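To start, the structure itself, in structure tokens.
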Amino acid sequence: MRNVLGMRLKDLAGRAGIATPTAAQAERREADGKVTLETLRKMAHAMDCDLIYAFIPRKSVRTILFENALQKASHILSRADTHMTLEDQKVKVDKKNRVRRLAQKLIDESDVW
């Protein structure tokens with residue numbers, strides 16, 4: 001953005017209230033993802049910009065929750081089924097349906113992680 005605005009590094013640093021070497025280091029560290037948000041905010045403000053920082057889910061939140069609930073439910077039921085089989089009490093109900101029901105319960109109880 002600084003280059004688009006035609007702003008010298010020295011001018012950015014002065015407007016942001018930071019030293020010129022600090023601004024240069026921040027630009028290098030930003031490219032590596034290692035700059036602090038505080039420094040980015042100062043620099044954005046100095047260029048009359050807003051800094052937008054957000055987590056954007058790759059899938060819908062509902063999908064993320066359901067997939068994790070299914071995984072957790074499957075793990076729980078696999079352990080339980082192993083113990084039941086060892087005790088000669090094998091569960092005969094379809095595992096897929098039991099996993100889905102437990103997954104929904106985990107979601108309802110906010111216990112998917």
Side-chain angles (χ1 to χ4, degrees):
M1 179 55 79
R2 179 178 67 78
N3 290 330
V4 170
L5 294 173
M7 185 182 286
R8 295 179 307 173
L9 189 61
K10 177 182 173 185
D11 296 325
L12 172 63
R15 291 173 56 95
I18 58 178
T20 302
T22 302
Q25 181 184 30
E27 285 187 350
R28 286 190 304 276
R29 291 176 61 89
E30 190 271 334
D32 295 332
K34 296 181 179 179
V35 66
T36 67
L37 288 175
E38 178 183 357
T39 300
L40 286 176
R41 278 190 197 102
K42 287 178 182 178
M43 293 170 71
H45 180 74
M47 294 182 283
D48 198 24
C49 294
D50 290 320
L51 174 67
I52 306 298
Y53 182 84
F55 292 98
I56 310 296
R58 294 181 194 115
K59 307 173 199 173
S60 74
V61 172
R62 184 181 194 143
T63 299
I64 293 169
L65 291 173
F66 191 66
E67 287 175 353
N68 280 281
L70 284 173
Q71 184 177 5
K72 184 174 183 177
S74 180
H75 180 71
I76 290 169
L77 290 178
S78 289
R79 283 193 345 234
D81 286 353
T82 298
H83 291 290
M84 295 295 282
T85 301
L86 290 173
E87 295 173 6
D88 200 25
Q89 299 175 6
K90 187 171 180 171
V91 179
K92 295 181 172 117
V93 178
D94 178 44
K95 184 174 180 180
K96 187 175 181 178
N97 288 332
R98 291 186 304 130
V99 168
R100 287 175 110 39
R101 283 195 316 265
L102 179 55
Q104 187 56 57
K105 182 178 179 185
L106 293 171
I107 289 170
D108 294 343
E109 295 174 356
S110 296
D111 187 20
V112 301
W113 305 104

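Since we're looking at a predicted model, the values are computed, not measured.
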> Which atom names give the shortest non-hydrogen contact between Ala46 and Ala16, and what distance separates them?
Replying inline: CB-N, 3.6 Å
> Can Val61 be reached from Leu106 by stepping across I, L, V, M, F, W or Y side chains whose heavy atoms are under 4.5 Å apart?
Replying inline: yes
>> Restricting to non-hydrogen atoms, name the atom on Ala13 and the atom on Ala23 that form the minimum distance, rounded to 0.1 Å.
In response: CB-CB, 3.9 Å
>> So, taking the atom named CZ in Arg101 and the one named CG in Asn97, what distance separates them when rounded to the nearest 0.5 Å?
In response: 6.0 Å
>> Under 4.5 Å between side-chain heavy atoms, counting indirect links through other Ile/Leu/Val/Met/Phe/Trp/Tyr residues: same cluster for Leu40 and Leu12 or not?
In response: no
>> I want to check something: taking the side chain as every heavy atom from C-beta on, are Ser78 and Lys95 in contact at a cut-off of under 4.5 Å?
In response: yes
> Can you get from Val99 to Phe66 by hopping between Ile, Leu, Val, Met, Phe, Trp and Tyr side chains that sit under 4.5 Å apart?
Replying inline: yes
>> side-chain contact (heavy atoms from CB on, under 4.5 Å), that's the test. Do Met43 and Ile18 meet it? Break it down for me.
In response: CA-CA 9 Å; Met43 293 170 71; Ile18 58 178; 4.3 Å; yes
> Hey, does Asn68 have a side-chain heavy atom less than 4.5 Å from the side chain of Lys72?
Replying inline: no
> Can you tell me how far the CG atom of Leu51 sits from the CG atom of Leu37, to the nearest 0.5 Å?
Replying inline: 6.5 Å
> Does one hydrophobic cluster hold both Phe55 and Val112, with members joined at side-chain heavy-atom distances below 4.5 Å?
Replying inline: no
> Above 12 or not: heavy atoms from other molecules or residues under 6.0 Å from CD of Glu109?
Replying inline: yes
> Got a sec, which pairs hit salt bridge (Lys or Arg N to Asp or Glu O under 4.0 Å) with one end in residues 15-32, sequence neighbours left out?
Replying inline: Arg2-Glu27
> Passes salt bridge (charged side-chain N to carboxylate O under 4.0 Å, His left out), Asp111 versus Lys105? Steps please.
Replying inline: CA-CA 8 Å; Asp111 187 20; Lys105 182 178 179 185; over 6 Å; no
>> Between His45 and Arg41, is there a side-chain donor-acceptor contact under 3.5 Å, judged purely by atom types and distance?
In response: no
> In Å and rounded to the nearest 0.5 Å, what is the OG to CZ distance from Ser74 to Arg98?
Replying inline: 9.5 Å
> CD/Gln104 to CG/Asp108 distance, rounded to the nearest 0.5 angstrom?
Replying inline: 4.5 Å
>> Return the CZ to OG1 distance between Arg8 and Thr20, rounded to the nearest 0.5 Å.
In response: 9.5 Å
>> Rounded to the nearest 0.5 Å, what separates atom CG in Leu65 from atom CG in Leu70?
In response: 11.0 Å
